[in-house]
Amino acid sequence: LTWNLQGAGPGQSAQGLRIAGFEADFIAVQECDDCEGLLPAGHRLAGDGDAGVVLAYDAERWTLVADGVVQLGDDDDGWGPRVALWGRFVDGGGKPVVVYSTHWCVPVRSESDQCTTARQVSYARQMVAHSRLVAAGAAVVISGDLNVFEGFRRSPAVLHLTERSGFEMVAPESEAPTFAGNDFADRGRIDYVL
């Protein structure tokens, strides 16, 4: 599951209360500070979170083996650092998986920002390169708010991950928007699990 909470904290968000109702193995959360109280019972955090990005896991099913942060960008869009938080997990049978929670820069906010579609493709490349270093026989899941406004699911960054790097999109047939639209961007799907 991936969900951008737009800065919500415990007790402050109906979205957070809905997250607690899911029985997801892994939950990638973006724009959430101190959101441990929003998680389902039995879930723990991988790492300490960074730049509002959190990765939680069902500790009854998975054991955290290693975790860390991949620095993707430094204030590329004026809203702070962009990161990918990752964790390597094994289940009770020793089956490994590496899961990422990420929040990418917004390329349509301002023409003066350094964030571009090309910058997002560089994020995708960094994540693929990093996954090759830490995966070693594990399945890899990339999840988060990718902010891919140029073409949404057909954006160059998503195409790099799916067509060039072999990731499969969860619910590829879904055109359901995850972004309602505002004064700088159209409504569309910007959040993904790959």
With hydrophobic residues grouped by side-chain heavy-atom distances under 4.5 Å, do V83 and L194 end up in a single group?
no
State which residues pass salt bridge (Lys or Arg N to Asp or Glu O under 4.0 Å) with D25; sequence neighbours excluded, sorted by chain then number.
R61
Which residue pairs pass the salt bridge (Lys or Arg N to Asp or Glu O under 4.0 Å) test with at least one member in residues 37-55, sequence neighbours excluded?
none
What pair of heavy atoms forms the shortest contact from S131 to V140, and how long is it?
CB-CG1, 4.0 Å
Ring centres of F149 and F179 under 6.0 Å apart?
yes
Closest non-hydrogen atoms of V193 and S143, given as atom of the first, atom of the second and distance, are CG2-CB, 4.0 Å
Pick from D145, I190, V53, V29: which one makes a side chain to side chain contact (heavy atoms under 4.5 Å, CB included) with N4?
D145
Closest heavy-atom pair, Q120 versus W104, reported as atoms and distance to 0.1 Å, is O-CZ3, 3.8 Å
For residues V54 and L5: do they belong to one hydrophobic cluster (side chain heavy atoms under 4.5 Å, members Ile, Leu, Val, Met, Phe, Trp, Tyr)?
yes
For the residue pair W86 and V70, establish whether any side-chain heavy-atom pair is separated by less than 4.5 Å.
yes
Nearest heavy atoms of G80 and D75, plus distance in Å:
N-OD1, 2.7 Å
Does the plane of the ring in W62 sit parallel, tilted or perpendicular to the ring in F89? Use 30° and 60° as the thresholds.
perpendicular
I'd like to know whether R82 forms a salt bridge (Lys or Arg N to Asp or Glu O under 4.0 Å) with D77, so could you lay out the CA-CA distance, the side-chain angles of the two residues, the decisive distance to 0.1 Å, and finally the verdict.
CA-CA 9 Å; R82 297 302 181 164; D77 58 5; 2.7 Å; yes
When clusters are formed by joining ILVMFWY residues with side-chain heavy atoms under 4.5 Å apart, either directly or through shared neighbours, do L64 and I142 land in the same one?
no
Does V121 belong to the same Ile/Leu/Val/Met/Phe/Trp/Tyr cluster as Y123, with side-chain heavy atoms less than 4.5 Å apart forming each link?
no
Side chain to side chain contact (heavy atoms under 4.5 Å, CB included) test vs Y192 passes for just one of V170, T178, V148, T2, namely V148
Check salt bridge (Lys or Arg N to Asp or Glu O under 4.0 Å) between R119 and all other residues, then give those that pass, not counting sequence neighbours.
D76
Is the count of non-hydrogen atoms from other residues, nucleotides or ligands lying under 6.0 Å from Q71 atom CD greater than 12?
yes
Search all heavy atoms of R189 against all heavy atoms of A171 and return the closest pair with its distance.
NH1-O, 3.2 Å
Closest approach of A24 and L1, non-hydrogen atoms and distance?
CB-CB, 4.0 Å
Nearest-0.5 Å distance, NE2 of residue H160 to OG of residue S155
11.5 Å
More than 12 heavy atoms from other groups under 6.0 Å of CD on Q126
yes
